A.B. asks: 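Pasting a structure here, questions to come.
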Amino acid sequence: MQHFADALRAAVAAAAEVGIDTVRLEAPRDEKQGDLAVPCFLLAKARGIPPPAMAAKLAAAMAPGGPQAVAEVTASAAGPYLNFRIARPALAQAVFAEIAAAGARYGGSSEGAGKRIVIDFSSPNIAKPMHVGHIRSTILGAALTRIFSHLGYTTVGINHIGDWGAQFGGLVVAIRRWRGEVDLEREPVRGLLDLYQRSKAAVESDPAFHEEAVAAYRELESGREGPVRETWRWVTAVSMRGFEATYKRLGIEHDLVRGESYYENLLEPTIQRIVAAGITEISEGALIVQLSTVDKGLKETPCLLRQTNGTTLYATRDLAAMFQRFEEFGFERCLYVVGSEQRLHFRQLKAVLKRLELPWEPRVEHVDFGLLLGPGRVKLASRKGAVLVLDDLIDEVVDEARRIIQEKNPDLAQADQVAEAVGIGAIVFNDLKRERVKDVVFDKSEILSFEGETGPYLQYTHARLASILRKAAANGEGTAEPDWSVLENAGPILMRLARLGDVVRGAAVRAEPSEISNYLLALARDLNSWYVENRVLGEAPGVTGARLALIRASKSVLGNGLGLLGIRPLEAM
RNA sequence: GCGCCCGUAGCUCAGCUGGAUAGAGCAUCCGAUUUCUAAUCGGACGGUCGCAGGUUCGAGUCCUGCCGGGCGCGCCA
């Protein structure tokens with residue numbers, strides 16, 4: 001397919017006598033206008049003729065037998081536009097050949113070979129179960145990891161779990177005092193959550209508890225082995241086991257699990273390094289870096305590295321982690337998949353890197369995303385009260401999927417596995433279908449609906465394509481020489497199939513998986529409409545052959561795209 | 001007050017680096033199943049692209065101002 005685009009640009013450049021870079025090839029809004037088009041405004045200006053005249057002149061030059069004719073392509077002028085239509089048989093064969101040759105790699109490339117992308121995602125806090133507030137980072141980060149891998153990058157997914165901080169002093173004390181009151185054996189995660197919440201309250205209301213909590217945290221920070229550290233380790237291990245189970249369900253893996261505690265010993269060297277650079281100052285007893293010289297917007301918000309009481313802060317730990325990551329991985333990009341409420345924080349970190357004059361500062365990116373809102377657009381706060389545990393949500397959606405399968409396809413084999421995949425597909429797609437920056441209103445009824453622009457819709461489309469292929473194989477159909485002329489009406493699908501690589505690349509550049517989601521929705525819509533009108537099986541052998549080739553290629557592309565998002569393509573549902 | 005983000009159909013959103021009559025899904029209404037899975041498909045209804053200027057041959061897209069909503073703003077993470 002690419003060779004058509006290249007040939008067309010070259011031909012237009014030659015016919016218009018301009019440099020190839022001034023020729024912009026784009027997809028017309030309306031398919032009827034053509035497969036590709038060149039608006040002739042700029043070309044006309046360069047040559048001093050009116051745009052419609054330019055378009056007409058180019059169309060003539062590119063007519064069959066003309067000096068710049070491109071094989072299999074018809075050029076026509078429509079006002080100031082030059083439209084191209086690629087002959088369907090040639091287009092179909094080129095696209096299908098590419099898809100078949102690349103297989104699971106289709107849509108990918110090797111452009112990232114030898115380059116590393118660090119992706120910090122999910123990063124839940126220990127002692128609490130993962131709740132719905134964590135799904136965005138988790139699902140976005142996992143999708144980005146797959147997208148970059150598909151483009152040949154070496155990805156390093158890091159789970160920066162929150163396993164450090166003063167709150168663990170309180171938790172340790174709560175465990176010490178009340179461990180007999182909750183079931184830490186059978187339901188350790190829920191038990192810990194209970195104790196965690198009680199410790200939060202106790203720290204505020206009970207001065208004695210507060211004092212003990214502070215002492216416990218100091219003990220933890222000291223690095224000494226002992227009961228406090230042992231308890232903390234146990235909490236970490238229990239929590240991680242819970243997270244791992246959820247990740248496994250979602251098909252998500254991290255390459256490294258490095259909590260905040262990992263950087264414990266790097267904090268002082270990090271501070272020393274920044275102090276040595278001479279950019280720090282003491283303000284109101286705290287060690288800070290002024291940022292206004294590199295970012296005017298940060299005039300009133302310097303970066304705090306050390307509190308008056310001597311302890312470090314969030315920013316200190318993140319800076320330590322950034323330095324460490326750059327030294328260890330020499331990343332091409334380092335992505336932080338973290339909510340947009342932390343924009344200021346990351347802007348500050350980048351400003352510190354700028355003040356240090358580190359050339360790799362632009363490679364650090366905050367891949368931010370909008371808020372998760374509850375019904376009525378109120379913020380779904382994790383600290384107060386009832387939050388929806390992620391596993392419970394998954395269970396609920398999977399149950400609904402199972403119910404619908406029972407209703408629509410009671411004879412389906414392996415219905416439980418399919419229900420799991422459909423339920424998870426619904427949740428994952430719900431989080432990837434909109435632009436990252438958009439807030440997500442957590443609407444359970446929407447997640448439980450499997451109609452319209454949903455993961456199950458895409459999986460259903462895929463399953464139907466699979467079903468047609470299965471039946472064709474069983475009938476021994478599709479072996480005849482395809483009659484490509486019957487794909488005359490499949491132009492939009494063919495052009496779309498050809499575009500996956502561009503879409504994946506764009507999604508990577510902008511760290512925006514929704515671009516793939518929207519592409520897949522459009523592809524599925526095209527396909528569902530198409531095969532209603534174009535019967536595949538039982539037609540003349542050449543007709544069936546050509547249509548089967550389209551189905552096969554489409555299934556492959558749809559499957560690849562779903563895989564990138566983290567949704568299982570299903571053979572039946 | 002300052003900084004940043006968002007503002008397209010009743011609701012939720014697409015609209016690629018500005019380009020040809022602004023597109024989907026949901027909701028509402030009508031229709032399609034003797035044939036490849038109706039978790040589908042077709043049709044109808046529905047839009048001064050927040051407002052006002054500006055740049056441009058051309059602006060939903062770029063610039064400025066305003067309005068509305070949200071997030072954040074030194075010793076939490």
Side-chain angles (χ1 to χ4, degrees), chain A residues 24 26-30 33 37 39-42 44-45 50-51 78-81 83 125 162 164-167 260 283-288 295-309 311 313-315 317-318 339-345 347-348 368 370-371 373 377 379 401 404-405 407-409 412 422 433-435 437-441 443 446 449-454 456-457 459-461 463-472 475 499 502-503 506 510 514-515 517-518 521-522 524-525 528-539 544 547 551 572-573:
Chain A
R24 274 281 274 295
E26 55 187 46
R29 207 191 295 262
D30 186 345
Q33 289 157 334
C40 294
F41 303 98
L42 294 174
K45 196 171 189 181
Y81 293 88
N83 295 326
N125 297 322
W164 206 245
Q167 70 272 28
E260 295 177 23
S283 167
E284 297 167 37
L287 184 71
I288 67 162
D295 188 334
K296 280 171 294 187
L298 300 180
K299 209 162 35 195
E300 290 161 20
T301 48
C303 180
L304 272 80
L305 296 178
R306 202 201 292 280
Q307 309 185 59
T308 308
N309 68 13
T311 59
L313 292 112
Y314 184 41
R317 286 195 274 280
D318 264 353
S340 58
E341 61 270 34
Q342 293 194 35
R343 271 195 181 123
L344 176 62
H345 170 69
R347 196 169 158 194
Q348 287 178 321
D368 61 341
L371 268 39
L373 302 171
R377 298 196 75 88
K379 195 174 174 183
I404 291 176
I405 288 168
E407 174 188 311
K408 296 184 186 279
N409 197 354
L412 183 66
V422 169
K433 71 180 176 186
R434 311 168 225 269
E435 237 185 333
V437 297
K438 294 283 198 302
D439 291 345
V440 168
V441 176
D443 182 344
E446 201 176 303
S449 157
F450 300 154
E451 291 175 13
E453 298 176 326
T454 64
Y457 170 72
Q459 288 172 312
Y460 178 74
T461 305
R464 290 201 54 179
L465 300 181
S467 170
I468 293 172
L469 291 172
R470 259 198 314 277
K471 289 192 168 146
N475 302 345
R499 276 194 61 223
D502 291 341
V503 173
R510 286 175 286 278
S514 68
E515 293 182 13
S517 309
N518 287 315
L521 284 174
R525 266 196 300 270
N528 281 315
S529 308
W530 181 83
Y531 71 55
V532 165
E533 302 290 329
N534 298 273
R535 197 179 160 73
V536 177
L537 303 178
E539 301 292 303
T544 292
R547 290 179 177 162
I551 296 290
M573 69 184 268

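Note that this is a predicted model, so its numbers are computed, not measured.
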A.B. asks: Could you check which of B:A38, B:A39, B:C36 has an atom nearest any side-chain atom of A:Ile405?
C.D. replies: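 Among the listed nucleotides, the one closest to the side chain of A:Ile405 is B:A39.
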A.B. asks: Output the pairing pattern of RNA chain B as a dot-bracket string, 5' first, Watson-Crick or G-U wobble with both distances under 3.5 Å, | for cross-strand pairs, [ ] for crossing pairs.
C.D. replies: (((((((..((((.....[...)))).(((((.......))))).....(((((..]....))))))))))))....
A.B. asks: Classify A:Ser283 by what it touches in the nucleic acid, base, sugar-phosphate, or nothing, heavy-atom distance under 4.0 Å.
C.D. replies: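 Base contact.
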A.B. asks: Mind checking the P distance from B:C2 to B:U55? Whole angstroms is fine.
C.D. replies: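 Straight-line distance between the two P atoms is 28 Å.
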A.B. asks: Extract from the structure each pairing of a protein N or O with an N or O of nucleotides 29-33 of chain B at less than 3.5 Å, listing the distance.
C.D. replies:
none

A.B. asks: Round to a whole Å and report the spacing from CG of A:Asp295 to P of B:C2.
C.D. replies: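 The distance from CG of A:Asp295 to P of B:C2 comes to 17 Å, rounded to the nearest Å.
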A.B. asks: Please determine whether a side-chain nitrogen of the Lys or Arg among A:Lys433 and A:Glu453 lies less than 4.0 Å from a carboxylate oxygen of the Asp or Glu.
C.D. replies: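 Judged by the 4.0 Å cut-off on N to carboxylate O distance, A:Lys433 and A:Glu453 do not form a salt bridge.
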A.B. asks: Could you check whether A:Thr301 gets within reach of a base, just the sugar-phosphate, or nothing at all, counting any heavy atom under 4.0 Å?
C.D. replies: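 Here A:Thr301 touches the backbone only, sparing every base.
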A.B. asks: A:Lys471 has an atom NZ; how far is it from atom C1' of B:U35, in whole Å?
C.D. replies: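 Atom NZ in A:Lys471 sits about 10 Å away from atom C1' in B:U35.
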A.B. asks: Is a salt bridge present between A:Glu451 and A:Lys408, judged by a nitrogen-to-oxygen distance below 4.0 Å?
C.D. replies: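 Looking at A:Glu451 and A:Lys408, the cut-off is not met.
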A.B. asks: Could you tell me how far apart A:Glu451 (CD) and B:A38 (C1') are, to the nearest whole angstrom?
C.D. replies: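 Atom CD in A:Glu451 sits about 9 Å away from atom C1' in B:A38.
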A.B. asks: Nearest whole Å is fine: how far is B:U12 C1' from A:Lys438 NZ?
C.D. replies: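 Result: 10 Å.
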A.B. asks: In whole Å, what separates the P atom of B:G19 from that of B:A38?
C.D. replies: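 Here B:G19 and B:A38 have their P atoms 39 Å from each other.
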A.B. asks: Tell me which nucleotide among B:G1, B:G74, B:A38 gets nearest to the side chain of A:Glu300.
C.D. replies: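 Closest nucleotide among those given: B:G1.
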A.B. asks: Taking the side chain of A:Arg347 as its heavy atoms from C-beta onward, which of B:A38, B:G74, B:C4 lies nearest to it?
C.D. replies: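 Between B:A38, B:G74, B:C4, the one nearest the side chain of A:Arg347 would be B:C4.
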A.B. asks: Whole angstrom is fine here: how far is it from CG in A:Leu305 over to P in B:A77?
C.D. replies: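 Atom CG in A:Leu305 sits about 13 Å away from atom P in B:A77.
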A.B. asks: May I ask you to decide if A:Ala463's main-chain N or O and A:Ser467's side chain share a donor-acceptor pair within less than 3.5 Å?
C.D. replies: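 Checking the backbone N and O of A:Ala463 against the side chain of A:Ser467, no donor-acceptor pair under 3.5 Å is found.
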A.B. asks: Taking B:A24 as the reference, what is the distance to B:A77 when you measure between their C1' atoms (whole Å, please)?
C.D. replies: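 Straight-line distance between the two C1' atoms is 39 Å.
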A.B. asks: Describe the nucleic acid contact of A:Val422 in one word from base, sugar-phosphate, nothing, applying a heavy-atom distance below 4.0 Å.
C.D. replies: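 Base contact.
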A.B. asks: Among B:G3, B:C36, B:A39, find the nucleotide with the atom closest to the side chain of A:Ile404.
C.D. replies: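 Of the candidates, B:A39 comes closest.
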A.B. asks: Between B:C16 and B:C62, how many Å separate the two C1' atoms, rounded to a whole number?
C.D. replies: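 My reading of the C1' atoms in B:C16 and B:C62 gives 16 Å.
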A.B. asks: Looking at every strand, decide which applies to A:Ala166 at a 4.0 Å heavy-atom threshold: base, sugar-phosphate, or nothing.
C.D. replies: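 It contacts nothing in the nucleic acid.
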A.B. asks: Any idea which heavy atoms bring A:Thr544 and A:Glu539 closest together, and the distance?
C.D. replies: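 Reported closest heavy-atom pair: OG1-N, 3.2 Å.
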A.B. asks: Is A:Ser529 near enough to B:G42 that one of its side-chain N or O atoms lies under 4.0 angstrom from OP1 or OP2?
C.D. replies: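 A:Ser529 to B:G42 OP1/OP2: side-chain N or O found under 4.0 Å.
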A.B. asks: For A:Phe450 and B:A39, give me the distance from atom CZ to atom P, rounded to whole Å.
C.D. replies: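 In whole Å, B:A39 P lies 13 Å from A:Phe450 CZ.
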A.B. asks: Can you check whether A:Lys408 has a side-chain N or O nearer than 4.0 Å to OP1 or OP2 of B:A39?
C.D. replies: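 A:Lys408 to B:A39 OP1/OP2: side-chain N or O found under 4.0 Å.
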A.B. asks: Roughly how many Å is it from CZ in A:Arg434 to C1' in B:G25, rounded to a whole number?
C.D. replies: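 Those two atoms, CZ and C1', are 11 Å apart.
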A.B. asks: B:C63 and B:G18: how far apart are their C1' atoms, nearest whole angstrom?
C.D. replies: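 B:C63 and B:G18 have their C1' atoms separated by 13 Å.
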A.B. asks: Using OP1 and OP2 only, check whether a side-chain N or O of A:Asn528 sits under 4.0 Å from B:U40.
C.D. replies: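 So the side chain of A:Asn528 is outside the cut-off, no N or O lying under 4.0 Å from OP1 or OP2 of B:U40.
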A.B. asks: Closest approach to the side chain of A:Asp439, judged atom by atom: which nucleotide of B:G74, B:G70, B:C36 is it?
C.D. replies: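 From the listed options, B:G70 comes nearest.
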A.B. asks: Judged by atom type as modelled, is there a donor-acceptor pair below 3.5 Å linking the side chain of A:Arg535 to the main-chain atoms of A:Leu537?
C.D. replies: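 Between the backbone of A:Leu537 and the side chain of A:Arg535 there is a qualifying donor-acceptor contact (under 3.5 Å).
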A.B. asks: Does A:Asn534 reach a base, just sugar-phosphate, or nothing at all? Heavy atoms under 4.0 Å.
C.D. replies: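 Base contact.
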A.B. asks: Distance from A:Ile551 atom CD1 to A:Leu465 atom CG, nearest 0.5 Å?
C.D. replies: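 The distance works out to 5.0 Å.
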A.B. asks: Any chance you could list the contact pattern along nucleotides 15-24 of chain B? Use B for base contacts, S for sugar-phosphate-only contacts and - for none, protein heavy atoms under 4.0 Å, 5' to 3'.
C.D. replies: --B-BBB--B
A.B. asks: State whether A:Arg343 places a side-chain N or O below 4.0 Å from either non-bridging phosphate oxygen (OP1 or OP2) of B:C73.
C.D. replies: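 Looking at the OP1 and OP2 atoms of B:C73, neither is under 4.0 Å from any side-chain N or O of A:Arg343.
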A.B. asks: Closest to the A:Glu341 side chain: B:C36, B:A39, B:G72?
C.D. replies: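 Per side-chain heavy atoms of A:Glu341, the pick is B:G72.
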A.B. asks: For the residue pair A:Phe41 and A:Tyr81, categorise the inter-ring angle as parallel (less than 30°), tilted (30 to 60°) or perpendicular (more than 60°).
C.D. replies: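 Perpendicular: the ring planes of A:Phe41 and A:Tyr81 meet at over 60°.
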A.B. asks: Find the distance A:Glu260:CD to B:A77:C1' and express it as a whole number of Å.
C.D. replies: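 These atoms are roughly 7 Å apart.
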